[in-house]
Amino acid sequence: MCLCHQQVGHMLIQLRNYTLLPLALSQTKFTNRMHTRAASIKAEMAPSEHNPKSESDICVYVRKKRSRKPQVITENIVKVEPQDPKLGSLPDIEEFAYNKPSIDLPQRKSKPILNDNDKTEVKPPSNWVKVLEGIREMRSLENAPVDSMGCEKAGNSLPPNERRFAVLISSLLSSQTKDHVTHGAIQRLHDNNLLKPEAIDNADESTIKELIYPVGFYTRKASNMKKIAKISLLDYHGDIPNTLEALLSLPGIGPKMAHLVMNVAWNNVQGICVDTHVHRICNRLGWVPQTKTPEETRKALQIWLPKEEWVPVNPLLVGFGQTICTPLRPSCGLCSVSGLCPSAFREATPKKIPRVKTKLSES
DNA sequence: ATCCGGGCGC
DNA sequence: GCGCCTGGAT
């Protein structure tokens, strides 16, 4: 993995309802910005993809100018064509963006901003930006448990491959477990030099089990740790898989953790990390059509939520869900966006009928 | 008593 | 889908 200041190349990127945009991507920055009169455009390349060949390797954001907090309009890329850098300097962006209309795609009359009224696209829920900002504000005052610790801090000082492995193990242990408990377990593993695949592979399952106690489901997790260490050694040279699919194939790693690990370990955002809080709150806010599983929620949310919110939305909503929008008896009275929430004060508080033996019930 | 910051096997 | 695996918190 060579990280030099070399330019990967110029690309022509075609946005839906927009136009062709020339962009240059470099290997060190992974991002490239350009500005037109009406919007700023940002292209981002997944760090692991040093040689982007298709649209899936790159994300493009278009933001309207003149809004205080620039708002992402879309991220739809229709086409990416590698261009020969020897073609000379890039065309004048502004002129290019305005004067060279897209050929096969419908044109907009006024501003070349994307599909505001495109009926074929799923519309983001109205006011979602306000809701998000409101939650952010509430979160800046509150101190949610999620703020203090997180598995993303695991092994910050380790070499990259060991750090990634630590992140994976940390994620594995963290499910259904409080953060400080997970942290303690990781600390004990580290102190006993048991955070590396070789060591785990050689260690007794019972030893691991004792060290990670009392994380939730420690028996299963100890066994999964052994299996993961073995797979890491056999298939990944002691590292961890760098694709979502391969991560999902590991025992004990499901969709929630796989996306988390892709984000944290590889800095590669493949999807939104949806846990029960994100799932619940998105349903309450009406951000997704009633969904039954976190996986459905993830897919529904990814359709409209701008990609740059994909990572921050998890800690944001988790903390919000721990403090205010709690699973049981949400504190709608304390919530500043209750006016925008279709479920506010409407929770079917199934006030359990007190099973008290009264003279009435006995009669 | 009831609820978790999931994943798996059925 | 549904029950189960676990200890700790409310």
Side-chain angles (χ1 to χ4, degrees), chain A residues 135 139 142-154 167-186 188 205-206 208-228 231 241 244-264 271-284 290-299 301 310-331 347-357:
Chain A
I135 295 175
R139 287 296 319 284
E142 297 282 337
N143 258 341
V146 68
D147 295 329
S148 48
M149 297 234 225
C151 72
E152 45 270 32
K153 305 222 166 70
V167 168
L168 178 64
I169 297 301
S170 186
S171 305
L172 177 75
L173 299 186
S174 72
S175 77
Q176 300 287 274
T177 306
K178 301 288 181 199
D179 277 335
H180 68 274
V181 177
T182 308
H183 191 258
I186 292 290
R188 287 190 294 279
E205 194 169 309
S206 56
I208 296 172
K209 187 169 158 181
E210 285 166 27
L211 285 174
I212 64 176
Y213 180 91
V215 301
F217 320 130
Y218 55 88
T219 309
R220 177 71 50 88
K221 283 173 181 174
S223 141
N224 285 339
M225 272 179 68
K226 292 281 291 178
K227 290 179 191 160
I228 287 177
I231 294 171
L244 195 68
E245 221 185 16
L247 283 170
L248 285 170
S249 74
L250 300 176
I253 302 294
K256 195 258 172 185
M257 294 309 173
H259 281 105
L260 184 69
V261 171
M262 283 305 283
N263 294 184
V264 176
I272 300 173
C273 179
V274 174
D275 55 46
T276 133
H277 290 297
V278 177
H279 174 58
R280 175 183 73 255
I281 295 170
C282 285
N283 272 279
R284 281 184 180 161
Q290 286 300 312
T291 52
K292 293 193 69 183
T293 68
E295 263 301 272
E296 289 175 55
T297 305
R298 183 180 64 76
K299 286 175 189 157
L301 197 56
W310 286 17
V311 174
V313 76
N314 176 271
L316 189 72
L317 294 191
V318 170
F320 182 54
Q322 288 171 331
T323 55
I324 296 176
C325 200
T326 50
L328 213 56
R329 298 176 221 289
S331 311
E347 197 77 4
T349 34
K351 257 195 158 183
K352 234 187 329 181
I353 299 140
R355 254 189 325 123
V356 188
K357 266 192 192 169

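So that the names make sense, note that chain A is the first sequence line, chain B the second, and so on, each numbered from 1.
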Next on the checklist: Between A:T297 and A:T291, is the side-chain hydrogen bond (donor to acceptor under 3.5 Å, both in side chains) condition met? List the steps.
Outcome noted: CA-CA 6 Å; A:T297 305; A:T291 52; 2.7 Å; yes

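B:dG5 and C:dG1 have their C1' atoms separated by 22 Å, given to the nearest Å. A gap of 24 Å separates the P atoms of C:dG8 and B:dC8, to the nearest Å. Taking atom C1' in both B:dG7 and C:dA9, one finds a spacing of 22 Å when rounded to whole Å.
Side-chain atoms of A:P255 lie closest to B:dG7 of the nucleotides C:dG7, C:dG1, B:dG7. When each of C:dG7, B:dG5, C:dG1 is scored by its nearest atom to the side-chain atoms of A:Y213, the top-ranked nucleotide is C:dG7. Each of B:dG5, B:dC3, B:dC4 was ranked by its minimum atom distance to the side chain of A:P327; first place goes to B:dC4. Among C:dT6, B:dG7, B:dG5, the nucleotide with an atom closest to any side-chain atom of A:M257 is B:dG7. In this structure, the nucleotide among B:dG5, B:dC3, C:dG8 sitting nearest to the side chain of A:L328 is B:dC3. Here B:dG5 is the nucleotide among B:dG5, C:dT6, C:dG8 with the atom lying nearest to any side-chain atom of A:Q322.
Screening A:S175, A:S171, A:P255 for a side chain to side chain contact (heavy atoms under 4.5 Å, CB included) with A:L260, the sole residue that qualifies is A:S171.
The shortest heavy-atom contact between A:P251 and A:I231 is CD-CD1, 4.0 Å.
Protein atom CD1 of A:I253 is 18 Å distant from nucleotide atom P of B:dG5, rounded to whole Å. Rounded to an integer number of Å, the gap from CZ of A:R329 to C1' of B:dC3 is 12 Å. A:H279 has its NE2 atom 16 Å from the P atom of B:dC3, to the nearest Å. In this entry the distance linking CD1 of A:I208 with P of C:dT6 reads 16 Å, nearest Å. The interatomic distance linking A:E210 (CD) with C:dT6 (C1') rounds to 16 Å, in whole Å. In this structure, the CG atom of A:L316 is 16 Å from the P atom of B:dG5, given to the nearest Å.
Taking for each of A:R280 and A:K256 the nucleotide of DNA chain B with the nearest heavy atom, the 5'-most of the two is the partner of A:R280. Nearest-nucleotide assignment on DNA chain B puts the 5′-proximal partner with A:K178, out of A:K178 and A:N224.
When heavy atoms are screened at a 4.0 angstrom cut-off, A:T177 is found touching no nucleic acid atom at all. Residue A:G216 is classed as a base contact, given a heavy-atom separation below 4.0 Å to a base. Heavy atoms of A:F217 sit under 4.0 angstrom from at least one base atom. If you check every strand for non-hydrogen atoms under 4.0 Å, A:L250 touches sugar and phosphate atoms only. As judged by a 4.0 angstrom heavy-atom cut-off over every strand, A:P251 is placed among residues touching the sugar-phosphate backbone only.
Judged purely by atom type and a 3.5 angstrom limit, A:K227 has no side-chain atom pairing as donor or acceptor with the backbone of A:L250.
Rounding to the nearest 0.5 angstrom, the gap separating the OG atom in A:S174 from the CD1 atom in A:I169 is 11.0 Å.
A donor-acceptor contact under 3.5 Å links the side chain of A:D179 to the base of B:dG5.
A:T219 places a side-chain heavy atom less than 4.5 Å from the side chain of A:K209.
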